[in-house]
Protein chains: 2
Amino acid sequence: MELSQLRTLIHVAELGSLSKAADRIGIAQPALSRQIRMLEEELSVRLFTRHGRGMVLTDKGREILEHATRVMTELEEIRATASDLDAPLRGRISIGFPPTVADILSLPLVAAFRRTHPQVELRLVGAYTGHLLDWLHRGEIDVAILYDPNSARSLRSEPLLLENLFLIGPPDSGLSGERSIPFKDLDGKRILLPSTRHGLRTIVEQCAVEAGIALHIAIEADSYATLKDLVRHGHGWTILPLSPIHDDIAAGRLAAAPLIDPAPVRQLVLSYPADRPVSRLTRFAGETIADIVADHVERKVWPGRLLGRGQVRTP
Amino acid sequence: MELSQLRTLIHVAELGSLSKAADRIGIAQPALSRQIRMLEEELSVRLFTRHGRGMVLTDKGREILEHATRVMTELEEIRATASDLDAPLRGRISIGFPPTVADILSLPLVAAFRRTHPQVELRLVGAYTGHLLDWLHRGEIDVAILYDPNSARSLRSEPLLLENLFLIGPPDSGLSGERSIPFKDLDGKRILLPSTRHGLRTIVEQCAVEAGIALHIAIEADSYATLKDLVRHGHGWTILPLSPIHDDIAAGRLAAAPLIDPAPVRQLVLSYPADRPVSRLTRFAGETIADIVADHVERKVWPGRLLGRGQVRTP
DNA sequence: GAACAGATATAACTATATTGTATATCTCGA
DNA sequence: TCGAGATATACAATATAGTTATATCTGTTC
């Protein structure tokens, strides 16, 4: 196995054609044909099926492609380590967030890029996890923060945060950050939540089961703004992360209290595609996001628990 | 950059000598000298310092070595994917655990290996995190479960579990799994804990600060068995994970209750060395441990919250 | 159905890269 | 000081990769 063979695999997989890959790489097509054949012989596996107009990866070929792209990522990391790239990164990156996360991270992330890599063109995309997953797979975004997509197709995800969810009520509800509410106390209360296809709803329903109560879901609304408004006007209570409620609490429009026994939480992960090499720009973005999240949690601006690797990160 | 150069880098780094590496690899020493030199020229970096009797990695060389070992790991994964190795793994592996974790995982882990890879020689090593870290770095163990070593030197860690800690009392203490105890209620109680260098102690003290109380540490003992005995004989209460207490509770010797507001938890991670390629045997062990932990948490045998990647794992 | 275009695979040859051999040079230990 | 162990360089030998030529196949168009 040689690096040139893995590079050829990657190019041919992307272009679907030895001839196009030859044009791209600047090497004669028969040389690429031979490289692929020798790789297939060494591994004793068919990487591509051939047809009259090109070639397509087999299932096994696709699996091997993922590892090949990781090899390329490690090689890029070797080069970057060797050169200690301090020159500002350039190029364009698309980063996806759930809307509430975008509210928290956008400004500090933009500030960090402006400070260290001003020539980078950022595209910040707010959408729900299902859409973000699609766009990651399609290559329309490079990296995304997602709520725990356990059944996600091939992604490489790093846990970021366990985010606490809070009970949100009107200002005269007596809810306070200083006094936790046992989940059982929600029995019989009018609760407003997003619809069943929303991950937050699933988490809250699991907590209700665990607490041994049935929730009275008075109204379903997928928009946090709508839920907030309804709560403000006394139509019931809701359960949301604290981050979109900060300003409302500070302005006396809403009140919030932690829930316990059980405490509803959800996991946020940072996800990259597994079938494309991850650029230095993308890795910088991921590291910067992780740093900002850590800072927010440590300053208790974002209530939750940091999750992370013991792995030392290069500065 | 070529794979042969990276392999040479790895061998020379390990043996400290081109001549020894030449013997090992079966290629003439001048060829290896030139490979290293060409790699250094391409990267514009010194990988080794030379002295009269061999050569030693520079700091930069060490960083690059880590990436090179990951390249080798990916290549091994490519070969394994290609061949769909179902043949039983062979060889020897050392796995480290904190003692209480060893109690939970040893039997099912041994059973899993016996069932799928009976020719593997397991060495299960119980020790505290500090020792396990040392042994991982020294190559004396291949993989370890650790309590969150955030300041650990270069390891590759994957979060496994947030483990809940419980209040442990004598059987007549009225403690029950059904009724959570607010942390504040520990104010004024006689508490028995491990010493300050024990990670659990740090977590509990942080919780006390958060609850706004001061803990009365009547006795310090690092042995869980000692703590249990002291509690049984009415010398106070302790705070431990539930797993070492299961049998004592079932036998009516001790009682336990969840703590809340805040709930003390600690993070377990699965750690591999970053400067050596991770063998398939080691990866199988890691995956098997993760599966067993997941099973225990799902059956509520091990109270806590699973942490994991969204990444699809090959079966 | 035939012709043509686009594609892959193979053979043979050429060019380039890598390895081996010989040996110079250096450092360290006895 | 000498010898052993080590690395570095020059040159020759060998192996590998790329190019050219061309056979073969498939799909599209007329």
Side-chain angles (χ1 to χ4, degrees), chain A residues 1-62 64-65 68 71-72 75 78-79, chain B residues 1-62 64-65 68 71-72 75 78-79:
Chain A
M1 204 160 14
E2 296 295 339
L3 291 177
S4 56
Q5 291 168 342
L6 299 181
R7 284 190 199 102
T8 297
L9 168 64
I10 291 169
H11 285 296
V12 175
E14 181 189 333
L15 297 170
S17 157
L18 284 166
S19 306
K20 285 172 179 159
D23 282 346
R24 160 83 68 81
I25 297 172
I27 283 179
Q29 172 265 324
L32 302 192
S33 177
R34 187 140 137 267
Q35 281 179 350
I36 296 298
R37 178 168 60 80
M38 292 178 70
L39 186 56
E40 285 176 327
E41 282 174 6
E42 177 175 340
L43 298 176
S44 302
V45 92
R46 271 290 185 181
L47 299 170
F48 292 95
T49 55
R50 277 80 160 167
H51 53 88
R53 291 288 182 80
M55 42 214 269
V56 177
L57 279 171
T58 59
D59 289 341
K60 189 69 72 177
R62 201 168 297 114
I64 289 172
L65 174 68
V71 170
M72 296 304 134
L75 295 182
I78 287 175
R79 291 190 189 95
Chain B
M1 202 161 14
E2 296 296 339
L3 291 178
S4 55
Q5 292 168 342
L6 299 182
R7 283 189 201 102
T8 297
L9 168 64
I10 291 169
H11 285 294
V12 173
E14 181 190 333
L15 298 169
S17 156
L18 282 167
S19 306
K20 285 170 179 158
D23 283 344
R24 160 84 68 80
I25 297 172
I27 283 178
Q29 171 267 324
L32 302 194
S33 177
R34 187 139 147 286
Q35 281 179 352
I36 294 298
R37 177 167 62 79
M38 290 178 71
L39 185 56
E40 286 177 326
E41 282 175 8
E42 177 174 341
L43 299 176
S44 301
V45 94
R46 272 290 186 180
L47 299 170
F48 292 94
T49 57
R50 277 81 162 165
H51 52 89
R53 293 288 181 81
M55 43 213 271
V56 177
L57 279 171
T58 59
D59 288 343
K60 189 70 74 177
R62 203 169 294 116
I64 290 173
L65 174 68
V71 170
M72 296 304 133
L75 296 183
I78 287 175
R79 291 188 189 97

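Order of the sequence lines fixes the chain letters, A, B, ..., with proteins taken first and strands second; residue numbering starts at 1 for each chain. Because only heavy atoms are used, hydrogens play no part in the values below, and waters and symmetry mates are left out as well, while side chains stay in.
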Q) What residues form a side-chain contact (heavy atoms from CB on, under 4.5 Å) with B:I10, not counting sequence neighbours? A)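 In terms of side-chain contact (heavy atoms from CB on, under 4.5 Å), with neighbours along the sequence ignored, B:I10 is linked to B:L65, B:A68, B:T69, B:M72.
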Q: Mind running a 4.0 Å heavy-atom check of residues 19-30 of chain B against DNA chain D and sending the residues that fall below it, in number order?
A: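 Result for residues 19-30 of chain B: B:S19, B:K20, B:Q29, B:P30, sorted by number.
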**Q.** B:E2: salt bridge (charged side-chain N to carboxylate O under 4.0 Å, His left out) partners, not counting sequence neighbours
**A.**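 None.
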Q) If you look only at pairs with a residue in residues 37-46 of chain B, which of them pass as a salt bridge (Lys or Arg N to Asp or Glu O under 4.0 Å), with sequence neighbours excluded? A)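 Applying salt bridge (Lys or Arg N to Asp or Glu O under 4.0 Å) to every pair that reaches into residues 37-46 of chain B, excluding sequence neighbours, yields B:R37-B:E41, B:E40-B:R46, B:E40-B:R50.
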Q: Among residues two or more places apart or on two chains, list those pairs meeting salt bridge (Lys or Arg N to Asp or Glu O under 4.0 Å) that have a residue in residues 51-62 of chain A.
A: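 Sorted pair list: A:D59-A:R62, A:K60-B:D84.
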Just how far is it from atom [atom1] of [X] to atom [atom2] of [Y], taken to the nearest 0.5 Å?
| X | Y | atom1 | atom2 | value |
| --- | --- | --- | --- | --- |
| A:I27 | A:Q29 | CD1 | CD | 12.0 Å |
| B:I64 | B:L47 | CD1 | CG | 5.0 Å |
| B:H11 | B:I36 | NE2 | CD1 | 11.0 Å |
| A:M38 | A:S4 | CE | OG | 9.5 Å |

Q.
With the threshold set at under 4.0 Å for non-hydrogen atoms, list the residues of residues 50-60 of chain A touching DNA chain C in residue-number order.
A.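 Listed by number, they are A:R50, A:G52, A:R53, A:G54, A:M55.
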Q. Where along residues 31-47 of chain A does a heavy atom come under 4.0 Å from DNA chain C, residue by residue in number order?
A.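 DNA chain C contact set from residues 31-47 of chain A: A:S33, A:R37.
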Are the side chains of [X] and [Y] in touch, meaning some heavy atoms are under 4.5 Å apart?
| X | Y | result |
| --- | --- | --- |
| B:M1 | A:L75 | yes |
| B:L43 | A:R79 | yes |
| A:L6 | B:I78 | yes |
| A:T58 | A:V45 | no |

**Q.** Span of DNA chain D, from the first to the last nucleotide whose atoms fall under 4.0 Å of chain B heavy atoms
**A.**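 Span of nucleotides near chain B: D:dA4 to D:dT9.
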Side-chain donor/acceptor pairs under 3.5 Å, residues 15-23 of chain A, sequence neighbours excluded:
unit_1: A:S17; atom_1: OG; unit_2: A:S19; atom_2: N; d: 3.2
unit_1: A:S17; atom_1: OG; unit_2: A:K20; atom_2: N; d: 2.9

Q.
Run the side chain to side chain donor-acceptor pair (under 3.5 Å) test against B:Q35 and tell me which residues pass, sequence neighbours left out.
A.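 Residues passing side chain to side chain donor-acceptor pair (under 3.5 Å) with B:Q35: B:T8.
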Q: Could you tell me, to 10°, how much the axis swings from one end of the helix from C:dG1-D:dC30 to C:dA30-D:dT1 to the other, five pairs per end?
A: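 About 30° separates the two local helix axes.
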